[in-house]
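We count residues from 1, following the sequence as given. As the structure is a computational prediction, the values presented were derived from the model and not from experiment.
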Amino acid sequence: MTRILLPTDFSENSFTAISYALKLYKDLKCTYYLLNSYMPPVYHTEYLMGSPAQIGLGDIVQQNSQDNLKNLKEQLLKEFDNPLHTFITHSALNVLSSEVSRTVEAEDIDIVVMGTQGATGAKEILLGTNTVHVIKNSKCPVLVIPSKFEYETPEQILFPNDFEVSLDKNSLSQLLKIVNSHVSQVNVMHVYTGDVLTPVQQKNKEKLAQVLSKNGFFHEVSSNEIIAAINDFQVKQKINMLVMVQNKHTFLERLFIEPVIKKIGFHVTVPFLVIPQ
């Protein structure tokens with residue numbers, strides 16, 4: 001049984017992510033947790049103090065959240081009609097990233113699947129604030145789906161890796177579940193900048209090769225910029241999913257803190273799986 005958390009704000013963007021998740025795991029027994037976290041439109045000191053003008057506002061917002069979740073659940077049951085899938089709805093007065101973290105721990109969630117449109121509304125992934133907070137705080141993998149992305153089987157997966165982190169079957173369990181159910185090819189790409197692998201890196205590479213087994217294919221790419229290397233690889237070979245490990249050594253961490261990324265252009269037009277260290 002795979003337990004999947006699906007945050008939603010009832011937008012087209014979030015429905016795209018939900019639809020992707022239901023198709024990705026169509027052959028697996030899953031429990032989907034539909035989560036809507038909300039804040040009243042006027043949420044400040046007067047509301048907290050019970051100002052007469054704000055009394056009942058929270059109840060109205062809560063009821064709307066619950067009604068929309070109920071309608072969404074009914075829509076999914078009707079459109080997808082998969083006996084392997086069950087749905088649980090959850091409405092919460094909380095900030096999204098905090099509620100995701102709480103739910104992941106409380107419900108023993110295996111993976112979070114969510115959509116993001118980014119600040120520009122572009123179809124590629126330009127990580128927005130909510131998405132960044134969820135990824136940085138999540139203790140389980142997070143799969144981010146680009147806006148209006150049309151589902152395609154993840155036959156080819158790109159996995160940039162610097163081999164700084166030791167990965168085993170447990171830490172890669174959700175990736176392996178996707179790989180095994182779709183017979184995916186995982187393209188592990190190491191960006192070579194002139195330095196040879198240290199003994200630790202070499203050991204981690206060999207361990208990763210054992211974990212991925214026949215589904216892993218390793219590529220050595222010479223480049224001074226990992227973003228360009230990722231984009232070039234996607235041009236040369238059709239990629240259906242991008243995977244990265246969240247740790248302090250990697251490009252992914254710099255993605256969150258360096259504004260220069262917006263100037264360079266991180267054009268990820270496929271689902272983006274982030275694995276916590």
Side-chain angles (χ1 to χ4, degrees), residues 111 124-127 132 135-136 138 140-144 146 152-258 260-277:
I111 187 170
E124 63 266 21
I125 291 183
L126 299 173
L127 298 181
V132 169
I135 290 175
K136 293 190 72 173
S138 180
C140 74
V142 177
L143 178 58
V144 183
E152 54 190 32
T153 304
E155 297 176 352
Q156 296 291 333
I157 298 175
L158 178 58
F159 190 2
N161 202 302
D162 57 12
F163 308 125
E164 292 282 357
V165 178
S166 177
L167 300 170
D168 55 23
K169 288 185 177 181
N170 184 53
S171 58
L172 294 179
S173 61
Q174 295 310 306
L175 172 60
L176 293 175
K177 187 172 294 185
I178 294 172
V179 170
N180 293 332
S181 62
H182 296 283
V183 195
S184 308
Q185 175 176 313
V186 183
N187 299 281
V188 182
M189 182 181 72
H190 176 254
V191 179
Y192 176 73
T193 57
D195 297 325
V196 298
L197 296 180
T198 66
V200 171
Q201 286 176 303
Q202 186 61 42
K203 182 178 179 180
N204 290 339
K205 178 181 178 181
E206 294 170 358
K207 185 176 182 179
L208 180 59
Q210 292 178 348
V211 171
L212 295 176
S213 186
K214 66 180 183 298
N215 299 103
F217 296 81
F218 288 73
H219 308 267
E220 193 82 12
V221 178
S222 296
S223 177
N224 292 323
E225 181 50 63
I226 192 168
I227 306 171
I230 291 173
N231 291 337
D232 288 345
F233 197 98
Q234 289 189 95
V235 170
K236 295 176 182 177
Q237 185 167 346
K238 171 62 177 174
I239 295 299
N240 311 111
M241 182 179 291
L242 175 67
V243 180
M244 285 190 182
V245 175
Q246 160 73 326
N247 71 81
K248 65 182 180 180
H249 299 292
T250 65
F251 157 77
L252 184 59
E253 180 66 17
R254 299 199 301 274
L255 170 64
F256 295 146
I257 61 178
E258 292 183 4
V260 70
I261 189 64
K262 295 181 180 179
K263 300 178 182 178
I264 297 174
F266 185 50
H267 300 292
V268 181
T269 58
V270 296
F272 182 26
L273 176 63
V274 182
I275 300 172
Q277 183 175 340

*asked:* Per the side-chain hydrogen bond (donor to acceptor under 3.5 Å, both in side chains) rule, what does the pair list look like for residues 171-180, sequence neighbours excluded?
replied: Thr2-Lys177, Asp168-Ser171
*State which residues pass side chain to side chain contact (heavy atoms under 4.5 Å, CB included) with Asn204; sequence neighbours excluded, sorted by chain then number.*
Phe163, Ser166, Val200
*Take Ile230 and Met244, measure what side chain to side chain contact (heavy atoms under 4.5 Å, CB included) needs, and give me the verdict at the end.*
CA-CA 11 Å; Ile230 291 173; Met244 285 190 182; 3.2 Å; yes
*Between Glu220 and Tyr192, which heavy-atom pair has the shortest distance, and what is it?*
OE2-CB, 3.3 Å
*Calculate, to the nearest 0.5 Å, the distance between atoms CG and CG belonging to Leu175 and Leu212 respectively.*
6.5 Å
*Minimum heavy-atom separation for Asp162 to His190, with atom names?*
CA-CD2, 3.9 Å
_Donor-acceptor pair, distance only, cut-off 3.5 Å: does the side chain of Ser181 make one with the backbone of Ile178?_
yes
*Calculate, to the nearest 0.5 Å, the distance between atoms CZ and CZ belonging to Phe159 and Phe218 respectively.*
9.0 Å
*With sequence neighbours left out, what residues match Val211 under side chain to side chain contact (heavy atoms under 4.5 Å, CB included)?*
Lys169, Leu172, Leu176
*Could you tell me whether the side chain of Val186 reaches within less than 4.5 Å of the side chain of Val243, counting heavy atoms only?*
no
*Stepwise, does the side chain to side chain contact (heavy atoms under 4.5 Å, CB included) test hold for Val221 with Asp232?*
CA-CA 10 Å; Val221 178; Asp232 288 345; over 6 Å; no
*What closest approach, in Å, do Val270 and Leu242 show between heavy atoms, and which atom pair accounts for it?*
CG2-N, 3.9 Å
_Partner residues of Glu152 under the salt bridge (charged side-chain N to carboxylate O under 4.0 Å, His left out) criterion, sequence neighbours left out_ = Lys238
*Given side chain to side chain contact (heavy atoms under 4.5 Å, CB included), test Met241 with Leu143 step by step and report yes or no.*
CA-CA 10 Å; Met241 182 179 291; Leu143 178 58; 4.3 Å; yes
*Check whether any side-chain N or O of Asn240 sits under 3.5 Å from a backbone N or O of Glu155 as a donor-acceptor pair, and report yes or no.*
yes
*To the nearest 0.5 Å, what is the distance between NZ (Lys203) and CG (Leu208)?*
14.5 Å
_Nearest 0.5 Å, please: how far is CG in Leu158 from CZ in Phe272?_
10.0 Å
*So which heavy atom on Pro276 is nearest to which on Ser138, and how close?*
CB-O, 3.9 Å
*asked:* As a quick check of understanding, evaluate side chain to side chain contact (heavy atoms under 4.5 Å, CB included) for Ile111 and Leu273, giving each step before the final call.
replied: CA-CA 10 Å; Ile111 187 170; Leu273 176 63; 3.9 Å; yes
*In chain order, what residues pass the salt bridge (charged side-chain N to carboxylate O under 4.0 Å, His left out) check against Lys236, with sequence neighbours excluded?*
none
_Which residues pass the side chain to side chain contact (heavy atoms under 4.5 Å, CB included) test with Gln237, not counting sequence neighbours?_
Gln156, Gln185, Asn187, Phe233
